[in-house]
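Just below is one structure, and these are the notes that go with it.
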Number of protein chains: 2
Amino acid sequence: MKRNTWQREAVREALESSEGFVSAQALHSRMRDTESPIGLATVYRALASLASAGEADSLQQDGESLYRACTTSHHHHLICRNCGLTIEIEADAVEAWARTVAAEHGFTQPSHVVDVFGLCGACSRAQA
Amino acid sequence: MKRNTWQREAVREALESSEGFVSAQALHSRMRDTESPIGLATVYRALASLASAGEADSLQQDGESLYRACTTSHHHHLICRNCGLTIEIEADAVEAWARTVAAEHGFTQPSHVVDVFGLCGACSRAQA
DNA sequence: CCGCTTTTGACAATGATTATCAATAGCGTT
DNA sequence: AACGCTATTGATAATCATTGTCAAAAGCGG
C-alpha cells in the first residue's frame, strides 16, 4: 500500500513554490537550508514518483533532469537559456499534429516532447 | 586552426552508416569492432563537434545523449520507444509556431526540441 | 499497542561524460 | 623533405548526477 509521509508532501510543496524548472540536487539543497532535513535519495524518489503520477513535468537539459510542478493538465514550455525563466504555453494545434503524425506512420501510444528555448527579453538586452 | 584527422572523418562516416540514434558509447564500441582503434574521448569530442556544427542531431534520453547524422537541414523525429526505429518528419507548421510563440513573449534566438515518441506498428503488435 | 511492510537516509556503487597531460600528427614554412 | 608549432589524440583519472543497498524508522490496519 502507498503511504503518506511528510517527506513526499514536503517535496511536492517545495516544487510548487519553485520558479521554473529545478534539478533534484537544487531542490534538495534548498530544502536542507530552510525546512527539516531530508535525504537526497528521498528527493530523487519523490520527484520520480510525482513525475510518473503526472503531477510534475520533467525535461532533460545537459546531463540532468529538471522538474516542475504541473499546474494544468498538459502544456509545453518556453524557457530562457540564460536565466531559466519559464513560461507555460498551450498548443492544442501541436497536440493534434503529434497525434496525427504518429497515427500516419502506424505508431500507437504517442507522447511527445515539445519545448522552445530562447533568450528572454531581459537577457536579450543584457547580452547586447 | 582546425585540422582534418582521419578520426573525425571516421566518426562522421560511422554516424552516417547508423540506423536511428546511437549513443557515443555504442558508436565507439561498433567502431572498435570493425574499423581501426579510436579513443572513446575522441568519439565524444567528434560527436559534440558535429552536433555544434549542425551536422548531427542530438537528443537526450534517460541519462545519455544520442546522436544521428543530419540529412536535411532541419527536421524532427518520430521514435519508437521500444525498438528505436526513427522516422524523420518535416513540420513547417511547428517551426512557424515555435518562432511565433517565442516572439510573442519577447524571446530572441529561438530554438526548439520537438520529438514524438510511441510504439511503431511492429512493436504495437508484438505487445498485444 | 502490535506487527507487518513501506519508506527513509547515509553511503557505496554505477555509468555517462569530461578533464588531464604527455605523445602524436596536421600543416604551413623553410 | 625536414622543422617547428600547435591542435588533436587517447589512456586514464576525475567528476557528477543518479541509483542500489540495507538496516533503522515510521505508516497504518488490526
Side-chain angles (χ1 to χ4, degrees), chain A residues 1-15 18 20-53 55-69 79 81 84 113 115, chain B residues 1-15 18 20-53 55-69 79 81 84 113 115:
Chain A
M1 178 203 302
K2 185 143 190 170
R3 295 176 182 175
N4 291 329
T5 62
W6 65 262
Q7 286 95 335
R8 208 192 305 276
E9 192 55 33
V11 169
R12 189 203 313 279
E13 287 177 11
L15 193 62
S18 300
F21 282 85
V22 283
S23 67
Q25 310 257 1
L27 196 65
H28 174 248
S29 72
R30 187 181 326 154
M31 291 179 75
R32 294 303 285 254
D33 290 345
T34 60
E35 327 188 31
S36 31
I38 185 174
L40 176 59
T42 303
V43 175
Y44 274 102
R45 281 186 290 240
L47 287 174
S49 158
L50 287 172
S52 77
E55 299 187 62
D57 291 328
S58 73
L59 66 84
Q60 309 203 312
Q61 201 176 34
D62 301 315
E64 66 183 0
S65 294
L66 304 181
Y67 296 88
R68 184 158 201 250
I79 304 159
R81 262 192 294 267
V113 174
D115 290 300
Chain B
M1 178 203 301
K2 185 145 189 172
R3 294 175 183 175
N4 291 330
T5 62
W6 65 263
Q7 286 96 334
R8 206 192 306 275
E9 191 56 32
V11 170
R12 189 201 313 276
E13 287 177 10
L15 193 63
S18 300
F21 283 85
V22 283
S23 68
Q25 310 256 1
L27 196 64
H28 174 247
S29 71
R30 188 183 322 156
M31 292 179 75
R32 293 305 286 254
D33 289 344
T34 59
E35 327 188 31
S36 30
I38 184 174
L40 176 59
T42 303
V43 174
Y44 273 100
R45 281 186 290 240
L47 286 174
S49 159
L50 286 172
S52 77
E55 300 187 63
D57 292 328
S58 74
L59 66 82
Q60 310 204 312
Q61 201 175 34
D62 300 315
E64 65 183 1
S65 294
L66 303 181
Y67 296 89
R68 183 158 202 253
I79 304 160
R81 261 193 294 266
V113 174
D115 290 301

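Proteins get letters first, then strands, A, B, ... in listed order; numbering begins at 1 in each.
- Note on A:Ser23: every side-chain N or O is 4.0 Å or more away from OP1 and OP2 of D:dA17.
- Across D:dA26, D:dT9, D:dT18, the shortest atom-to-atom separation from the side chain of A:Arg3 is found for D:dA26.
- In this model, the phosphate group of D:dT19 is not approached by any side-chain N or O of A:Tyr44 to a distance below 4.0 Å at OP1 or OP2.
- A close approach under 4.0 Å does not occur between any side-chain nitrogen or oxygen of B:Arg45 and OP1 or OP2 of C:dT18.
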**Request:** List the steps and the verdict of side chain to side chain contact (heavy atoms under 4.5 Å, CB included) for B:Ile38 and B:Val11.
**Result:** CA-CA 9 Å; B:Ile38 184 174; B:Val11 170; 3.9 Å; yes

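- Taking for each of B:Arg32 and B:Met1 the nucleotide of DNA chain D with the nearest heavy atom, the 5'-most of the two is the partner of B:Met1.
- Contact annotation: B:Thr5 does not reach the phosphate of C:dA25 (side-chain N/O to OP1 or OP2, under 4.0 Å).
- In the set C:dG9, D:dA17, C:dA19, C:dG9 carries the atom at the smallest distance from any side-chain atom of A:Ile38.
- Checking side-chain atoms of A:Gln60 against main-chain N and O of B:Gly63 turns up no donor-acceptor pair under 3.5 Å.
- When each of B:Leu40 and B:Asn4 is assigned the nucleotide of DNA chain C with its nearest heavy atom, B:Leu40 is the one assigned upstream, toward the 5' end.
- Between A:Gln60 and the phosphate of D:dA17, there is no side-chain N or O to OP1/OP2 separation shorter than 4.0 Å.
- Between B:Arg8 and B:Ala41, the residue whose closest nucleotide on DNA chain D is further toward the 5' end is B:Arg8.
- OP1 or OP2 of C:dG9 sits under 4.0 Å from a side-chain N or O of A:Thr42.
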